[in-house]
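Numbers restart at 1 for each chain; the letters A, B, ... are given by sequence-line order, proteins then strands.
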Protein chains: 2
Amino acid sequence: MTSTLGFAILAVLARGDRTGYDIAAAMRRPVGYFWTAGHSQIHGELQKLRTACLVEFETAHGPGPQDKKVYRLTAAGEAALREWVTAPPRERVERDELVLKTYASWLADPETVRRLFADQLALHEARLADYEQAEASYDGPPPFGDPRFGNYATLRCGLGYERHRAEWCRWVLSQLGDGG
Amino acid sequence: MTSTLGFAILAVLARGDRTGYDIAAAMRRPVGYFWTAGHSQIHGELQKLRTACLVEFETAHGPGPQDKKVYRLTAAGEAALREWVTAPPRERVERDELVLKTYASWLADPETVRRLFADQLALHEARLADYEQAEASYDGPPPFGDPRFGNYATLRCGLGYERHRAEWCRWVLSQLGDGG
DNA sequence: GGCAGCATGTAATTCGTTACATGATTCA
DNA sequence: TGAATCATGTAACGAATTACATGCTGCC
């Protein structure tokens, strides 16, 4: 049973051969926007994937005390990834600390709640500006079938999410009265 | 160090005294929309909260082999909750399986991707209808300071989220060409 | 009599984070 | 000489899921 992290790794390798280190870098940016893992988790998962014959590697020298391992998808790995892609995702429970705080916010002083949401709003607006700049670097949506379609479509999801979040923060602020 | 789950439990108890069983029920609906836990996790956490003197309980009889325990917030518990509410939430990594699949979707057959997104769209539209009905039962936003403000504000977040998701699904479908 | 709901817990396992441990290459 | 980057791994801990385990009350 390959975990979702396993498929995240396969999805990275589908775009080109990588070392564990490279995969960890991809898991920060851009994959980190929707899936993350530290390098320790990745090395462990790579061993499981190899046992399952979904990836293989070639060693190359340096740098460092051990040889580096350049991983690539096997035919079985690509087939497994392809099948997983269109299988319905299992329901993940939402865990959102800000929303939980909001649920209990009626207990708190409106002025400190205002500060909390103003900070969150600034954060979402900053990310939004960032994503908008990234979007501007595209010349329209890449065609489906191009790996860049994946990048663009996920960016588009992030844009929508940040807009929704910013708007919600603004709404909460609007409910807090006119305290300044 | 109280965990976020601990504060979720305190947030439920702030609305009234509950047994562990009742808390577990609340963690399915309505708290489950933004935080969840099974009863086994809750019973364990309640013991930690009691050790930290943030909650206390009174036993009452039946049903069942043991007496039931009705928990309530202590003064220290309420203070801790109040302080936590306005402290900035720690950044949670997003883990979104559907977006991950989208990132790898360029590998797959457009027709099966279409089915995946059509199903997801239906799911979000159903939830949206559900939330819209819940919103209609309110007579406008409750005032801040009322516990119902928490319920309404989180519902409002859910509405925005489902709308954003549905719209994104529609956009992905629009990019898949006219295959039927 | 049987089933749903109330009610509490423990155990096993997996997933994820953080810290520990090592060490060469490249650039300033 | 020193810092950043490349590169791989193990260990310890905490968070979360699932399964196991028990048994009364109230309703049909």
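Residue A:Leu46 contributes atom CG, which lies 13 Å from atom C1' of D:dA7 at whole-angstrom precision. In this structure, NZ of B:Lys48 is placed 14 Å from P of D:dC13, rounded to the nearest angstrom. Between the CD atom of A:Glu45 and the P atom of C:dT17 there is a distance of 13 Å, given to the nearest Å.
Aromatic ring centroids of A:Trp84 and A:Phe7 lie under 6.0 Å apart. The aromatic ring centroids of B:Tyr103 and A:Phe149 lie 6.0 Å or more from each other.
Using a cutoff of 4.0 Å between basic side-chain nitrogens and carboxylate oxygens, A:Glu132 and A:Arg163 are scored as salt-bridged.
Contact record, B:Leu116 with A:Pro88: CD1-CA, 4.0 Å, taken as the closest heavy-atom pair.
Annotation: B:Glu135, atom CD; neighbour count of heavy atoms from other residues, nucleotides and ligands within 6.0 Å is above 12.
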Problem set entry | Contact letters for nucleotides 3-14 of chain C, in which S counts primed atoms plus P, OP1 and OP2 and B counts the base, heavy atoms under 4.0 Å | --SBBBBB----

Problem set entry | side-chain contact (heavy atoms from CB on, under 4.5 Å) assessment of B:Leu13 paired with B:Arg72 | CA-CA 6 Å; B:Leu13 288 177; B:Arg72 68 165 155 260; 5.9 Å; no

Problem set entry | side-chain contact (heavy atoms from CB on, under 4.5 Å) between B:Tyr161 and A:Val99, intermediate numbers included | CA-CA 12 Å; B:Tyr161 178 75; A:Val99 181; over 6 Å; no

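For the residue pair A:Arg15 and A:Asn151, a side-chain donor N or O sits within less than 3.5 Å of a side-chain acceptor on the partner.
Contacts between residues 88-104 of chain A and DNA chain C, counted as heavy-atom distances below 4.0 Å, involve A:Arg92.
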